[in-house]
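Encoded as structure tokens, the structure appears first; notes follow it.
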Amino acid sequence: MFHLLEKRIQQAVSDHIKVRYDSSAQVALEQPKQSDFGELALPIAFQLARQLKKSPKAIAEELAGEIGAIEGVASLHAAGNGYLNVRLDRSIYAHGILNSVQSAADVTAGKTIVEHTNINPNKAAHIGHLRNAILGDTFVRMLRIAGNQVEVQNYIDNTGVQVADVVVGFHYLEKKSPNEVQALIDAGKFDYFCWDLYASMSSYYKENPDSLAWRSETLHAIEAGTGVQAELAHLVADAVVQAHIATMLRLNVVYDVLPRESEILHLQFWATAFEQLKERKAIYFETEGKNKGCWVMPGSAFSDFKEDEDSKVIVRSNGIVTYVGKDIAYQLWKFGLLGKDFYYQRFPHPGGYELWVTTDQPGKQADEPSPAFGNGSRVYNVIDSRQSYLQDVVVAGLKALGYEKQAAASVHFSYEMVALTPGTCIELGIALSEEDKRRAYVEVSGRKGLGVKADDLIDTLIAKAAEEVESRHPEAEAAVNKRVADEIAIGALRFFMLKFTRNSVIAFDLREALSFEGETGPYVQYAAVRAENIWRKLAERGQRMPDFVNELDAAAMGRQLADEGCWQLLLQASHTDVSIARAIASGEPAHVAKYAFQLAQAFNTFYHEYPVLAEENQEKKVFLLWMTQYFRQQLERTLGVLGIAVPEYM
RNA sequence: GGGCGCGUAGCUCAGGUGGAUAGAGCAUCAGCCUUCUAAGCUGAGGGUCGCAGGUUCGAGUCCUGCCGCGCCCA
């Protein structure tokens, strides 16, 4: 409803200034700083002032007098030193909401691909990975609720150095056969076992530099897909991916397809991309200097500033393709530009939902056709900002191949890292130097095995929530209390990861994350639960639910919304879609989290200000019940976008 | 050395395309539970928006130069 009015006002003003002043200036709308200025403000007079050589104030007054009636607008008036303020017709507005009048959403044509999570399948997920997955998943939810077709990909680098290192650990150090590794997998917590093994490998390499030969030997075996190392790599990667998917499912994060690096190699995706790159002269063979014998992309391709920018090596002199090279091939496939596709099969996992994984064999494809993957018209890569250089090279690759449109539709959805506060490090038993203790935050390293594992954090949050729920509802069923505690813990975690804008480093503080008060997920959940409680109490008292559409006519709405407090609250509650649209445009899920918090604040104000069930005036009571229902609906929708559930009680 | 990002209240952070008196949460202090559950609400104190210039009728927001911090590349 709000967006519809925005568009209508924009159109009316735009038409008017075109005829009246022959101006095609963009008509901007903003929210006034103070609510008594009205619901919308147009700074258009400031824009016109220069062209017309008149004071903004005079223009605003002229406009206010001359623009005729606009449906749904009560009045236009000049204010301040040149604002044109708009007051909406409250009863028309409320009636529009009640009857679900909406404007058509601005949907992007074609399919949007969002790649996120993308964790190396060699150890347990940590908090940094959580930020990635939660950001990506929330962005997907935002796009979907706005009507976009979205495909979620989780890329699995199952042939890289990180997996190789764990395989080296199993094969050379622990001397374990595939059967023995399988037994470890069956024993559970395999991702945790690998976490420690991987950390110990880093220190082993350091003390025994000769052992690095094991790594390159293993890497070659894995890439070729032969021998016991390849078998181990396959076992390790699949088991760890299953663990990651189980962890993410706890957070309500799911995927459509898992493209794997092994298939990029085996199905010759890279070879095809390599041919394209050579053919279109996007890369060249270096014959001198430090990169002699390598295929490189000239620095000028991905840097606008310096001609002498260092070239980027795509294929090393030993013939091994770099990570960026494979990424260019993958990006081409995402846009349907490679002229090749994977084969697919279902990926067995504990979550139970439909999930596909790439394979290099046609196999059962004919029996059970998969959905069509790839071929997107817009691609978001959720990858942390440390990799922005590499992401720039990938986009430069598309450009150099002549795919300008796709290069422009490739978005590096970047975010800053999650670090730990010194206090939290000490609490977790991580030793710090005196220098680190004085920092605001300390970067953690998966290589050294330092950091907070995702499942540990979730467990801690659930335990804390369970304690709170138990103390408030000792009489409730244990299973339900458990479910409620899970939902609160996940709400707290998802909200915490979303409340910061993407390029702010999160200094993770355990105490802060464990807080369920103030600007947190549980605060918003609590507001929704309170709204639900009013309904429950109504039913318990044997009172009927009103039929709002028939009992609240425009006149009644007008009478009730004369109350300024109610009007402001209704207005706030009606901004959900506008806030989501804005968050999509800016690529900032934090805006939705902020809105959710403000919406919950508004509801809590309403809750304290207007005792709904005790209201004696019948019309007002029906109206307040409607407000309650509307708040509840908008809170649930907004939380849904954030991937947060509304518990049955709190 | 080059690139990217950050610097706003004691702490952690918001501040669409420049616009009206710079906002939250936490922490601190003072209040509110016989009420639709206090995971809540009301109020108070707390700011040279890193510094210096510039553009503009108007700059936390745009430009330039410094300073400090982080990350990436070499």
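Note that this is a predicted model, so its numbers are computed, not measured. Residue numbers begin at 1 in each chain, while the letters A, B, ... track the order of the sequences.
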* Proximal nucleotide (of B:A39, B:A24, B:C36) relative to the A:Ile488 side chain -> B:A39
* **Side-chain-base donor-acceptor pair under 3.5 Å for A:Asn604 and B:A38** => no
* Are A:Phe37 and B:A20 stacked, counting the six-membered base ring, centres under 5.5 Å, planes under 30°? -> yes
Would you mind classifying the nucleic acid contact of [X] as base, sugar-phosphate or nothing, using non-hydrogen atoms under 4.0 angstrom?
X        : value
A:Leu29  : base
A:Phe597 : sugar-phosphate
A:His412 : nothing
A:Pro611 : base
A:Ala41  : base
A:Val612 : base
A:Val442 : nothing
A:Glu443 : sugar-phosphate
A:Tyr441 : sugar-phosphate
A:Arg386 : sugar-phosphate

In terms of side-chain heavy atoms, does [X] have a donor or acceptor partner in [Y] at a distance below 3.5 Å?
X        : Y        : answer
A:Ser385 : A:Ser388 : no
A:Gln387 : A:Tyr389 : no
A:Asn381 : A:Tyr155 : no

d([atom1], [X]; [atom2], [N]) in whole Å:
X        : N     : atom1 : atom2 : value
A:Lys594 : B:A14 : NZ    : C1'   : 4 Å
A:Tyr323 : B:C73 : OH    : P     : 13 Å
A:Glu512 : B:C13 : CD    : P     : 8 Å
A:Phe516 : B:A38 : CZ    : P     : 19 Å
A:Glu470 : B:A39 : CD    : C1'   : 16 Å
A:Tyr610 : B:C36 : OH    : P     : 19 Å
A:Asn503 : B:C69 : CG    : C1'   : 15 Å
A:Glu468 : B:A38 : CD    : P     : 15 Å

* Asked: Glycosidic conformation of B:C33, syn or anti, with 90° from 0 as the boundary?
  -> syn
* Glycosidic class, syn or anti, of B:G16 using a 90° window around 0 -> syn
Can you tell me, in whole Å, how much space there is between the [atom1] of [N] and that of [M]?
N     : M     : atom1 : result
B:A27 : B:A39 : P     : 14 Å
B:A14 : B:U61 : C1'   : 14 Å
B:G5  : B:C62 : P     : 11 Å
B:G10 : B:C51 : P     : 14 Å
B:C49 : B:A20 : P     : 16 Å
B:A30 : B:G16 : C1'   : 38 Å

Both distances below 3.5 Å, Watson-Crick or wobble geometry, any strand: find the nucleotide opposite [N].
N     : result
B:G70 : B:C4
B:A24 : B:U12
B:U17 : none
B:C33 : none
B:U64 : B:A52

* How long is the gap from OH on A:Tyr523 to CZ on A:Phe597, to the nearest 0.5 Å? -> 5.0 Å
Check whether any side-chain N or O of [X] sits under 4.0 Å from OP1 or OP2 of [N], and answer yes or no.
X        : N     : answer
A:His608 : B:C32 : no
A:Ser515 : B:A27 : no
A:Arg530 : B:A38 : yes
A:Tyr526 : B:A39 : yes
A:Tyr523 : B:C41 : yes
A:Lys57  : B:C57 : no
A:Arg472 : B:A39 : yes
A:Gln601 : B:G25 : yes
A:Arg502 : B:G5  : no

* To do: Determine whether A:Trp295 and A:Glu286 make a side-chain contact, defined as any pair of heavy atoms from C-beta on separated by less than 4.5 Å.
  => no
* More than 12 heavy atoms of other groups within 6.0 Å of A:Glu616 CD -> no
* Step through the shown structure and confirm whether more than 12 heavy atoms of other residues, nucleotides or ligands are within 6.0 Å of CD on A:Glu477. => no
* Are the side chain of A:Ser23 and the backbone of A:Ile17 linked by a donor-acceptor contact shorter than 3.5 Å? -> no
* Polar side-chain atom of A:Asn85 near backbone of A:Leu76 as donor-acceptor pair, under 3.5 Å -> no
